[in-house]
A.B. asks: 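Following this message is one structure expressed as structure tokens.
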Amino acid sequence: MESLTQAFGQATFPSPLKVSFQTENFIEDGKDRVLVDISLEGLLKASRPNSGHILFQPSTFELAGPREKIFWNPDSLKVAIVTCGGLAPGLNNVVQNLVTFLSDRYRVKHIYGVPYGYQGFTHDPLTKRFAFGWRRLDSLSVQNIDFEGGSVLGTGRGHSNPISIVDALMLRDINILFTIGGDGTLAGANAIHQEIKRRKVPISLIGIPKTIDNDVLWVSKTFGFESAVGKAVEALRCAQTEARSAYHGIGLVKIMGRNSGSLTATAAVAMNDIDFVLVPEVPLRLEGQNGLLNAIVRKVLDKGYITIAVAEGAGQDLFPPSEIEKDASGNEKLKDIGKYLQKLITDEFKARNIETTLKYIDPSYMLRSQTTSADDSVFCAKLGQNAVHAAMAGKTGCMIGYAHERFTHVPLSAVSMGKKRLDVNEPLWLSVLAATGQPSYWG
Ligand code: ATP
Ligand code: MG
């Protein structure tokens with residue numbers, strides 16, 4: 001795995017932070033690095049005996065933060081910011097922090113918001129006219145945008161042609177591009193970075209991870225997650241209230257999470273009394289003595305009512321094979337596991353002649369479009385500030401990662417290695433099993 005952060009070269013300008021704050025708290029490249037795996041087992045694995053000595057070569061990422069010298073001269077710098085993919089609470093907070101930090105602390109004068117995701121780079125190569133106007137941003141224009149959900153820049157899927165995007169960046173003389181988005185956006189950012197490298201043009205590209213379902217590698221937490229958990233808990237509470245108030249009541253809630261059940265599991269643990277938590281990482285088996293349907297019937301008869309949390313990506317292999325549909329970004333459209341379970345469970349109770357009432361709640365867009373919790377806002381501020389430090393120091397082709405309470409520079413190539421999934425041997429899933437009492441596998 002590539003763990004070295006790329007930079008354009010020698011940073012020669014004194015950081016304006018040093019001048020204005022007279023601080024000496026600067027990060028030293030090469031010296032300040034963060035272990036990827038902090039377990040003793042990981043360290044031992046990375047060590048190897050060598051003529052009586054132990055050489056430690058664990059994987060590390062560069063620590064994020066301010067550098068004493070910066071690469072770019074703020075006076076002439078042009079910066080663009082784009083938000084891509086679906087909404088997440090905190091997008092506006094990150095944009096606001098990038099803009100205010102760039103302009104107020106690093107004295108950058110030219111900052112642009114690119115509208116509607118990668119689509120905002122669409123232009124006619126002959127006339128050089130852009131399909132959408134870019135927005136000039138400064139501290140004043142981003143004031144209070146954190147009070148709103150969504151993205152003030154607009155976001156979108158599709159349209160990620162790295163050649164045309166780098167053409168657009170060069171046409172507008174952009175030196176730094178911040179891309180804020182999920183796994184797709186970061187894969188797109190890596191493709192743009194490769195094209196920038198191929199052309200040998202001086203454009204820094206810094207990715208900022210946005211993944212409320214927590215499926216991006218090398219980030220233990222991202223903005224929007226806490227806020228989304230809060231909303232998911234609200235939906236579970238409603239479903240549970242409905243279930244408790246009905247004879248043999250069942251509350252069923254579908255929660256975001258295409259590849260990772262992290263959000264569903266976290267919300268379920270926060271509730272503590274959810275009965276079944278279904279995630280993509282644990283294959284679903286419905287029929288038979290040890291199948292889900294039998295377990296549901298038994299629990300309803302036993303307890304009187306139950307609540308089920310299902311991640312949207314769970315049980316996809318249960319659907320009969322059909323033509324795969326894709327969205328504009330090329331993501332496979334998932335089959336609706338919530339509605340599918342609703343029908344199966346209702347039919348099962350009918351077949352067994354047992355009365356039940358099932359209430360199904362799908363809060364999907366409510367999770368994405370809300371404003372942030374205070375905790376998430378703090379996280380957005382740190383993320384934005386570290387992204388600005390990285391860009392100003394001349395770093396490029398990296399994402400701001402977060403692990404073990406430290407912000408890091410993670411090469412985009414390492415981000416695109418795969419998607420993060422819930423580890424069923426990790427404490428979170430073990431807490432789910434402890435809280436629900438459900439078996440560790442079905443069937
Ligand atoms: P979320 O999943 O939270 O909605 P995302 O960033 O994963 O966020 P996508 O719609 O999958 O959202 O992707 C965002 C942008 O990245 C789109 O413009 C899409 O075309 C582009 N993109 C996605 N995957 C790739 C890829 N493998 N290579 C290049 N570009 C990509
Ligand atoms: Mg995605």
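Every number for a ligand or one of its atoms is a count from 1 in the order of the listing. We're numbering straight along the sequence, starting at 1.
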A.B. asks: Tell me which pairs pass ring-ring contact (aromatic ring centres under 6.0 Å, His included) where either residue lies in residues 314-339, with sequence neighbours left out.
C.D. replies: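 Applying ring-ring contact (aromatic ring centres under 6.0 Å, His included) to every pair that reaches into residues 314-339, excluding sequence neighbours, yields F319-Y340.
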A.B. asks: When you check the space around the Mg ion (ligand 2), which protein N, O or S atoms turn up under 2.8 Å?
C.D. replies: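 Only D183 OD1 fall inside 2.8 Å of the Mg ion (ligand 2).
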A.B. asks: Is the gap between the ring centers of H389 and F101 under 6.0 Å?
C.D. replies: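 Yes; F101 has its ring centre under 6.0 Å from that of H389.
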A.B. asks: Quick one: pull up CZ in F61 and NE2 in H409 and give me the separation to the nearest 0.5 Å.
C.D. replies: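 NE2 of H409 is found 12.0 Å from CZ of F61.
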A.B. asks: Evaluate whether atom CZ of R136 has more than 12 neighbouring non-hydrogen atoms of other residues, nucleotides or ligands under 6.0 angstrom away.
C.D. replies: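 Result for CZ/R136: enclosed.
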A.B. asks: Measure up the F130 and W134 rings against each other and bin them: parallel (under 30°), tilted (30 to 60°), perpendicular (over 60°).
C.D. replies: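 Geometry flag for W134 against F130: perpendicular rings.
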A.B. asks: Are F407 and F379 close enough that their ring centers fall under 6.0 Å?
C.D. replies: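 Between F407 and F379, the centre distance is under 6.0 Å.
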A.B. asks: Counting neighbours of NZ on K109 that are heavy atoms of other residues, nucleotides or ligands and sit closer than 6.0 Å, is the number greater than 12?
C.D. replies: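 Yes, enclosed.
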A.B. asks: Using the benzene-type ring in the case of Trp, are the ring centres of F13 and W72 under 6.0 Å apart?
C.D. replies: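 Distance test on ring centres: not under 6.0 Å, no.
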A.B. asks: List the residues meeting salt bridge (charged side-chain N to carboxylate O under 4.0 Å, His left out) with K359, not counting sequence neighbours, and say none if there are none.
C.D. replies: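 Counting only residues at least two positions away or on another chain, K359 forms a salt bridge (charged side-chain N to carboxylate O under 4.0 Å, His left out) with E242.
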A.B. asks: Show the protein residues that qualify under the rule heavy atom under 4.0 Å from an atom of ligand 1, listing them in chain and number order.
C.D. replies: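 Ligand 1 is contacted, at a heavy-atom distance under 4.0 Å, by G85, G86, Y118, R157, G158, S160, G181, G182, D183, G184, T185, A187, G188, K210, S329, N331, R368.
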